[in-house]
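Below is one structure, written out as structure tokens; comments come after it.
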Amino acid sequence: MDAAPPDLSAVMAALAQVMPRANLLSDPEDTRPFEADGLTAYRRTPWLVALPESEEQVAAALRICHRLGVPVVPRGAGTGLAAGALPGEGAVLLVLSKLNRILGVDPLAGTARLEPGVRNLAISEAAAPYGLYYAPDPSSQIACSIGGNVAENSGGVHCLKYGLTTHNLLKLRLVTMEGEILDIGSLAPDSPGFDLLALITGSEGLLGVVTEITVELLPRPLRAQVVLAAFDDVEKAGAAVGDIIAAGIIPAGLEMMDAPAIQAAEAFVHAGYPLDAAAILLVEVDGTNEEVSEDILTVRRLLLQSGATEVHSAEDEETRRRFWAGRKNAFPAVGRLSPDYYCMDGTIPRAQLPHVLHRIGELSAHYGLRVANVFHAGDGNLHPLILYDANRPGELERAEAFGADILALCVAVGGAITGEHGVGVEKIKAMCVQYAPAALEKFHAVKAAFDPAGLLNPGKAVPELHRCAEWGAMHVHQGALPHPELPRF
Amino acid sequence: MADAYPELQEAVRQAAAQGRALAIRAGGSKDFYGGETRGERLDVNALRGIVAYEPRELVLTAKAATPLAEIEALLAEQGQMLAFEPPHYGAAATLGGTLACGFSGPRRAYAGAARDFVLGLSLIDGRGEHLHFGGRVMKNVAGYDVSRFAVGSLGVLGVFTEISLKVLPRPRHEITLQFEMDEARAIEALNRWARQPLPLSAGSFHEGLLAVRLSGAESALHAARAQLGGEVLEHGAEFWRRLKEHDTPFFAQAPLWRLALPGTTPPLDLPGRQWLEWGGGLRWVATDMSAAEIFAAAQARGGHATLFRGAGAQRFQALAPALLSLHRRLKAAFDPAGIFNRGRLYPDF
Ligand SMILES: Cc1cc2nc3c(=O)[nH]c(=O)nc-3n(C[C@@H](O)[C@H](O)[C@@H](O)COP(=O)(O)OP(=O)(O)OC[C@H]3O[C@@H](n4cnc5c(N)ncnc54)[C@H](O)[C@@H]3O)c2cc1C
Ligand SMILES: Cc1cc2nc3c(=O)[nH]c(=O)nc-3n(C[C@H](O)[C@H](O)[C@H](O)COP(=O)(O)OP(=O)(O)OC[C@H]3O[C@@H](n4cnc5c(N)ncnc54)[C@H](O)[C@@H]3O)c2cc1C
């Protein structure tokens, strides 16, 4: 093998054979907009950006890069929060945004066939005339792409009832690094062989480039109603969540925010949240008219029994929209409180919530950094937002150390380091905490089965074993951190 | 985190070192399903017991050879259920065997498949390593989703030891409605109704009778019934149980083929008798057609066929060549010596 890395002009010339020259960018002036995804603490000016317009061009570009030994980083809309689409050194950034056609909606079958660059919200808009919608609704849904959603197995505020991306997919077309096109899954249930659809969903662009997606569409519920409950104590709010579920109700959305998040959201969108509350819960139930009427009564009763200080049902669509606007804008709202914020994405068994929030409070005092908590309470997915100022020396590093402690805490109580944002570059060290070396090795073996040359999105999602040792990251085993007697900060 | 299983791990290591095939067996009578398994029996019945169950978390963790009946009884005490409604096909059915086969029941088309409810899975791979994937929380996107990937792999990737599942509350009420109509209209109705906000939870068509199950709040069922019409079937629960368990003479026929097809596929013009489920996506066909003909018929309609019961060499739809070689590489990643369940899924591995 030739050890010298191929030079830019040679790769450019080869790619220009298979896609328009205008779709290849290498001038830093043009490529800088692609230097980071949504996690801007990580950036690198791309070496070469390629914007294919068809699956054919994707496959041809991958074949060329494979032949020349050039790494490739796929990118959708670049809203990822784990630096999964961070450009690689001497790598082609393959941007899928020009593949943005809705190829078809089948209203009787309840399916939509999409190119990967289609925006998440555009799917529901296309389905709306038939009374259908696409359920997974990340807060970034106006911008993020369905290809990125598949790569991250994205969720939203309706996951507890309607599932993650992986629960709403039927079929994919995947181009491997070698340029081979695979049909994965089908419109029929339970495809023969291994469940490759499950394996590829959430694979963060390491196994192949997704070029076509068929999703399942659901009927719009006849009615959805949200209840807002305030609590003077976070623990009571956490217990209320368990009470609702124990009563046999699976809310369509069940979100929690703590005081700093409430205040930030209220100042930003005037959602009507009580400013003196220690925590609020948003509980949305949906279904038929009769069902919603029954469930709303039960939910109100349970919330009051669990010690809610105020309970408000949204009586009209405008109030419902306003209640949700506060939650959906929580990240930018918190962003106004501080020059920078760092969004974490750990998951925990819900019963651990009081303990985990208490501990996050202690860590916040220790690191001298404020934190606001937004929580997909129904499914145990915590988003602590750590506030910091990158212009102050050392603050970014402190925020990162704080974040790493939160993730180790999530693993120690039986949870995971990421519930929906993915590992990317950002959480690669934390992977050593969550997984034992043998499991990490298995992930590498899976990767090699798809991409033996290791050219697709290298260095992301799964750490090299020797790196775990170098970082000193410790696998948390049997729910216990090693050396529990030592202070963790 | 699951315990270690030193004896099982050692048995696997020795078999791998000597290149001896192992046939993983639990209850041991889903033997009718899949190809003939070569090798010496690896009894996994010691992997028994419920490890954790937190009704308020909607999570249950059990060892792989725990009887399904035991799990379902425990869930029922708390008013919860396995929403994929797995068929048992007998009292000995285990959780691990069910997930290895990837079996789901009538609720499949409306609530999700077996794999949709898997949160975490531990397995012993072909090197005897005990590996843990996923976890006991609703969401976990760290690393590849090996837990769901392994569902339906018929034991060829490793020995499942422990499984965590998402469980759901049982519906408060259920009724079954029955309609007389022809198959084309039944398929159209099942699809049309599934695209409306109706509380459907199962559908079946057989010999001129369409049956649908509705689940949810009593008031919602009343409203849906008023909209749909039809006759209420008296012993609805028993009807769905017998269908799920194949406890009717129709399913005793052999060969019995299971055709998975896009749900809107029109009536199949094939010789023999049929039973339709899953909103049109599943067609059971008892026929003497040749295997080649039936595999071709499924493929032509964008689906796949399985020889569910009866004698025959090829039991699963052939994979496209590129997919088959990917399967071989993935098999080797988990079981490099190729010792687990030889012949069960594909003749050559
Ligand atoms: C027509 C018919 C006749 C029947 N007759 C009888 C009968 O006479 N007696 C009776 O008891 N039951 C009978 N049954 C019921 C029967 O099939 C069993 O219920 C069932 O016990 C199968 O057990 P299992 O779930 O343990 O699966 P198994 O048959 O043990 O296994 C099914 C598959 O899963 C794999 N597997 C199992 N455990 C694991 C694991 N831990 N890790 C990885 N892979 C695993 C196996 O290798 C195999 O590929 C019958 C069913 C039918 C439909
Ligand atoms: C304000 C805000 C709110 C958010 N809220 C949520 C939320 O509620 N829930 C949630 O889950 N996420 C959320 N996110 C994160 C993000 O939007 C999702 O991860 C989204 O799925 C990323 O899509 P994208 O198109 O922007 O992908 P990108 O950021 O471009 O890429 C993400 C990853 O996918 C890979 N990739 C992209 N396209 C393809 C393809 N076609 N084939 C193969 N690999 C590909 C990339 O290599 C990268 O690893 C939020 C982000 C922001 C900024």
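Labels below follow one simple rule: chain letters A, B, ... track the order of the sequence lines, proteins then strands, and each chain is numbered from 1.
Interatomic distance, CD of B:Glu218 versus CD of A:Glu294, reported as 8.0 Å (0.5 Å rounding). One distance of note links CD of A:Gln434 with CG of B:Asn140; it measures 5.0 Å at 0.5 Å rounding. Atoms OG and CD, from A:Ser186 and B:Gln299 in turn, are 11.0 Å apart once rounded to the nearest 0.5 Å. Here the CZ-CG distance, from B:Arg108 to A:Asp190, works out to 4.5 Å after rounding to the nearest 0.5 Å. The distance from the CG atom of A:Asp379 to the CD atom of B:Glu57 is 11.0 Å, given to the nearest 0.5 Å. For the atom pair NZ of A:Lys161 and CG of B:Leu168, the computed distance is 10.5 Å after rounding to the nearest 0.5 Å.
In terms of heavy-atom pairs under 4.5 Å with chain A, the best-connected choice from B:Gly303, B:Ala322, B:Gly135 is B:Ala322. Counting heavy-atom pairs closer than 4.5 Å to chain A, the top residue among B:Ala220, B:Ala223, B:Ala142 is B:Ala142. Chosen from A:Leu207, A:Val423, A:Leu217, the residue pairing most often with chain B at heavy-atom distances under 4.5 Å is A:Leu207. Your options are B:Arg170, B:Lys166, B:Glu54, and the one with the most heavy-atom pairs under 4.5 Å with chain A is B:Lys166. Contact tally against chain B (heavy-atom pairs below 4.5 Å) for A:Pro452, A:Gly248, A:Ala246, A:Gly287: the top residue is A:Gly248. Ranked by heavy-atom pairs under 4.5 Å with chain B, the list A:Asp106, A:Ile417, A:Thr176, A:Leu196 is led by A:Leu196. Contact count against chain B (heavy-atom pairs under 4.5 Å) is highest for A:Ile250 among A:Leu218, A:Val462, A:Ile250. Top candidate by heavy-atom pairs under 4.5 Å with chain B, chosen from A:Val241, A:Leu440, A:Leu132, is A:Leu132. Of the residues considered (A:Gly163, A:Ala448, A:Gly378, A:Ala351), A:Ala351 shows the highest number of contacts with chain B, using heavy-atom pairs under 4.5 Å.
Between A:Asp195 and B:Arg115 there is a salt bridge, since at least one side-chain N of the basic residue sits less than 4.0 Å from a carboxylate O of the acidic one. A salt bridge links A:Asp295 to B:Arg172: one of the charged nitrogens lies within less than 4.0 Å of a carboxylate oxygen. Ion pairing between A:Asp345 and B:Lys139 fails under the 4.0 Å rule for side-chain N and carboxylate O. The residues B:Arg56 and A:Asp243 are annotated as salt-bridged, a charged nitrogen and a carboxylate oxygen being separated by less than 4.0 angstrom.
Taking each heavy atom of B:Val137 and A:Ile348 in turn, the nearest pair found is CG1-C, 3.5 Å. Closest heavy-atom contact between A:Ala198 and B:Arg148: CB-CB, 3.6 Å.
Within the 4.5 angstrom heavy-atom criterion, only side-chain atoms of A:Glu180, from C-beta onward, approach chain B. Both the backbone and the side chain of A:Thr166 have a heavy atom closer than 4.5 Å to some heavy atom of chain B. Looking at A:Ala439, the atoms closer than 4.5 Å to chain B (heavy atoms on both sides) sit in the backbone and in the side chain alike. In this structure, chain A has a heavy atom under 4.5 Å from the side chain of B:Leu319, while its backbone stays farther away. Heavy atoms of A:Lys447 lying under 4.5 Å from chain B belong to its backbone as well as its side chain. For a residue to count as touching a neighbouring chain, one of its non-hydrogen atoms must lie under 4.5 Å from one of that chain's; by this rule A:Leu108 touches chain B with backbone and side chain alike. Using a 4.5 Å cut-off between heavy atoms, B:Tyr346 touches chain A through its side chain atoms alone. Proximity to chain B is absent for every atom of A:Ile181, based on heavy atoms less than 4.5 angstrom apart. In this structure, chain B has a heavy atom under 4.5 Å from the backbone of A:Glu152, while its side chain stays farther away. Neither the backbone nor the side chain of B:Leu324 comes within less than 4.5 Å of any heavy atom of chain A. Interface residue A:Arg220: only backbone heavy atoms are found under 4.5 Å from chain B. Interface residue A:His421: only backbone heavy atoms are found under 4.5 Å from chain B. Using a 4.5 Å cut-off between heavy atoms, A:Leu222 touches chain B through backbone and side chain atoms alike. Proximity to chain A (any heavy atom under 4.5 Å) is restricted, for B:Arg127, to the side chain, taken from C-beta onward. Of the two parts of B:Gln196, only the backbone, made up of N, CA, C and O, holds a non-hydrogen atom closer than 4.5 Å to a non-hydrogen atom of chain A. Heavy-atom distances place no part of B:Arg301 under 4.5 Å from chain A, backbone and side chain included. With a 4.5 angstrom heavy-atom cutoff, B:Ser153 touches chain A via backbone and side-chain atoms both. With a 4.5 angstrom heavy-atom cutoff, A:Thr418 touches chain B via backbone and side-chain atoms both. If you measure heavy-atom distances from B:Leu259 to chain A, you find no contacts under 4.5 Å at all. Residue B:Ala113 touches chain A through its side chain alone, counting heavy-atom pairs closer than 4.5 Å. If you measure heavy-atom distances from A:Pro221 to chain B, the contacts under 4.5 Å come from the backbone alone. Heavy-atom distances place no part of B:Ala332 under 4.5 Å from chain A, backbone and side chain included. For a residue to count as touching a neighbouring chain, one of its non-hydrogen atoms must lie under 4.5 Å from one of that chain's; by this rule B:Arg258 touches chain A with the side chain only. Residue A:Asn381 touches chain B through its side chain alone, counting heavy-atom pairs closer than 4.5 Å.
Using a 4.5 Å heavy-atom threshold, the side chains of B:Leu323 and A:Ile184 count as touching. No side-chain heavy atom of A:Leu197 sits less than 4.5 Å from a side-chain heavy atom of B:Phe149. Between A:Cys159 and B:Met138, every side-chain heavy-atom pair lies at or beyond the 4.5 Å cut-off. When side chains are defined from C-beta on, A:Pro349 does not count as touching B:Val59, because their heavy atoms never get closer than 4.5 Å. Using a 4.5 Å heavy-atom cutoff, the side chains of A:Ile245 and B:Leu58 are in contact.
Heavy-atom neighbours of B:Arg192 CZ from other residues, nucleotides or ligands within 6.0 Å: above the threshold of 12.
B:Arg195 places no side-chain N or O within 3.5 Å of a backbone atom of A:Pro219 that could act as its donor or acceptor partner. In this structure, B:Tyr144 contributes its side chain and A:Lys442 its backbone to no donor-acceptor pair below 3.5 Å. In this structure, B:His304 contributes its side chain and A:Ala188 its backbone to no donor-acceptor pair below 3.5 Å.
If you check the side chains of B:Ser219 and A:Glu291, you find no donor sitting under 3.5 Å from an acceptor.
In this structure, B:His327 and A:Phe194 have parallel ring planes: the angle between them is below the 30° cut-off, well short of the 60° mark.
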